[in-house]
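Written below as structure tokens is the structure these notes are about.
By convention in this document, chain letters (A, B, ...) are assigned in the order of the sequence lines, proteins followed by strands, and residues within each chain are numbered from 1.
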Protein chains: 2
Amino acid sequence: MGSAAPDDPEVRAPPDNEKGSTMATPPARRPLQPRPETARRREEILRAAIATFGAKGYKGPLSDIAEQVGMTHAGVLHYFGSKSALLLEVLKFRDFEDVEDLPTHHMPGDAGLFRHLVKTAFLNARRAGIVQAFTVLSSEAVTDDHPARSFFEERYVNLRAEVADAFRVMCAEEGIDAPETVDRAAASILAVMDGLQIQWLLDPTAVELGETTEFAIEAIVAQVLSPRDTPLSSPPRSPTD
Amino acid sequence: MGSAAPDDPEVRAPPDNEKGSTMATPPARRPLQPRPETARRREEILRAAIATFGAKGYKGPLSDIAEQVGMTHAGVLHYFGSKSALLLEVLKFRDFEDVEDLPTHHMPGDAGLFRHLVKTAFLNARRAGIVQAFTVLSSEAVTDDHPARSFFEERYVNLRAEVADAFRVMCAEEGIDAPETVDRAAASILAVMDGLQIQWLLDPTAVELGETTEFAIEAIVAQVLSPRDTPLSSPPRSPTD
DNA sequence: CCCATCTTACTTTCTCGACAGTAAGTTAAA
DNA sequence: TTTAACTTACTGTCGAGAAAGTAAGATGGG
């Protein structure tokens, strides 16, 4: 039991007197001063974990992460309890960082959202490590019992809702009503961002991440706000079945 | 060395006489009749591997695959030599199947390509196993030394080129010249297909795979053939750096 | 200010389960 | 009687987590 997260407030149960009956609440001590080093070390580990999960996936050994911060794998477990707990903290950490520098500290709800997404894509082109971690993990997570599966499930639900809300605001301004299109467009925008990251990670010279994301988002937004008749005559049902 | 793929034509080197010198080509026998069972077993294994790689990723144990065909893991290795060799054969097998039922046996080069892609998306909505295998593996493959990395690198290069060619054909018909846009649109179309598959695999009830793919492809095609001015006033450069 | 004591922040070491690949033996078909 | 198509058994390795020990701060009492 020496491996609980040290700064977890829940864990601090001061031991009541449990020896004899004559003892009067002996040492109700609580030197709960989390050392200032601790927070910094934790963040060091998180950043190393991002790099390693990105480079090797979740299955990469804990010792890879530990070495980067000059520690043994047991030291990392001391901070995070288990490998999957570390993974989930990594994911939350990056999501937090993503909106950290926004003035309102959460995403804009109107057309500004799309500008924010494009800006993020340009930014991502400068930080392959983090992008790779999220890309690898979000796809690994579709496997049946992956520890990050529910994290990503919820994440996409929330993101789609945010994007769809932004679309609805814009549609209202233009007097457009197309609920189905809005939902599909929201999913498409997230999809194109993820998909472009895969291609970019496989060959950064082959895809311009920022510019291509911008193009695709503009295409989808345009199709929502002023739909054109389809140039593909579509018999969409599969013929052979 | 007893574990080479049994039907690999390269491996069939009949042993010349190497015993003594007076012996005259003693038993130049060749019972090299690959049994008809063999090809069927191989395909059984490949299909089981698709299901398992999809459900558990590449890191899933070989014995999972072996059990599905009533074999031990060593039996699987007898056919494919190594786990990564099996992986690569799985990938090639699925790519082959994809165009197998096309009349020309390769993808159309014009607007028909986009119809084919949409049709494939509707079809994929019926076969989660194969989709999941490709989705999981293509993202796992971005890790540094994954055995399937170069497979996917080349695959995207080829697919982007095919889609871009189709765009160029259509642009020529319409008298449009926009080479950069064509390249970005090609990458975007593949991206949106991959990204939608991730979301769909995480929650099939949340995303309509076929319909949404169709919407996104139409949006991108429309933007190429008749681009509109951007509704997003864009200062794309990242401000804080 | 200093000492006794508790806690944090690790390390070393061990266990135990997976799992890929190998080697040798077995059966049956050609 | 040779070879393909396996099986059983074994090996080596790797990796997560538990256990226990240790060193260095804090903390409070005097």
Side-chain angles (χ1 to χ4, degrees), chain A residues 1-9 11-15 25-45 49 52-53 56-67 69-87 145 147, chain B residues 1-9 11-15 17 26-42 44-45 49 52-53 56-67 69-87 147:
Chain A
M1 274 296 180
S3 57
D7 53 350
D8 191 349
V11 188
R12 304 275 152 258
T25 57
R29 206 86 108 77
R30 59 157 188 65
L32 317 213
Q33 198 83 337
R35 296 196 204 159
E37 268 293 287
T38 303
R40 228 182 313 149
R41 290 293 267 169
R42 271 181 69 90
E43 195 169 321
E44 265 186 81
I45 296 172
T52 302
F53 286 151
K56 315 254 189 178
Y58 176 63
K59 71 175 178 193
L62 260 187
S63 50
D64 281 7
I65 297 167
E67 276 169 23
V69 294
M71 220 185 258
T72 63
H73 86 276
V76 173
L77 289 176
H78 168 69
Y79 279 92
F80 294 94
S82 77
K83 195 189 181 187
S84 55
L86 170 61
L87 170 63
D145 53 348
Chain B
M1 277 295 179
S3 56
D7 54 348
D8 191 348
V11 188
R12 304 274 152 257
N17 57 335
R29 255 287 218 128
R30 59 155 187 69
L32 318 214
Q33 199 83 335
R35 297 194 203 160
E37 267 295 286
T38 303
R40 228 183 314 149
R41 289 303 301 225
R42 272 182 67 91
E44 266 186 81
I45 296 172
T52 301
F53 287 151
K56 315 252 189 180
Y58 177 62
K59 70 177 180 192
L62 260 186
S63 51
D64 281 8
I65 296 167
E67 276 169 22
V69 294
M71 219 185 259
T72 63
H73 86 276
V76 174
L77 288 176
H78 169 70
Y79 280 91
F80 294 94
S82 77
K83 196 189 182 188
S84 54
L86 169 61
L87 170 63

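- Of all heavy-atom pairs spanning G70(B) and R41(B), the tightest one is O-NH2, 4.2 Å.
- E37(B) has its CD atom 15 Å from the P atom of dA28(C), to the nearest Å.
- Separating the CD atom of E67(B) from the C1' atom of dA18(C) is a distance of 14 Å, rounded to the nearest angstrom.
- Proximity of R41(B) to the phosphate of dA4(D): no side-chain N or O atom is located under 4.0 Å from OP1 or OP2.
- For dG15(D), the base has no donor-acceptor partner in the side chain of H73(A) [N/O atoms by modelled type, under 3.5 angstrom].
- Heavy atoms only, all atoms of each residue included: M71(B) and V76(B) are closest at SD-N, 3.6 Å.
- Across the protein-nucleic acid pair, K56(A) atom NZ and dC14(D) atom C1' stand 13 Å apart, rounded to whole Å.
- One can place CG of L62(A) at 9 Å from C1' of dG17(D), the figure rounded to the nearest angstrom.
- Between F53(A) atom CZ and dG15(D) atom P the separation is 13 Å, expressed in whole Å.
- For R40(A) and E43(A), the salt-bridge test fails: no basic side-chain N is under 4.0 Å from an acidic carboxylate O.
- A straight line from OH of Y58(A) to C1' of dG15(D) spans 12 Å, rounded to a whole angstrom.
- Atom P of nucleotide dA23(C) and atom CG of L77(B) are separated by 13 Å, given to the nearest angstrom.
- For P61(B), taking side-chain heavy atoms from C-beta onward, the closest of the listed nucleotides dC10(C), dA18(D), dA20(C) is dA20(C).
- Side-chain proximity of A74(B) to dT7(D), dG21(C), dC10(C): nearest is dT7(D).
- Rounded to whole Å, the distance from NZ on K83(A) to P on dG17(C) is 19 Å.
- Looking only at distances, a side-chain donor or acceptor of K83(B) sits under 3.5 Å from a matching main-chain atom of Y58(B).
- Which of dT7(D), dA16(D), dA18(D) sits closest to the side chain of T72(B) comes down to dT7(D).
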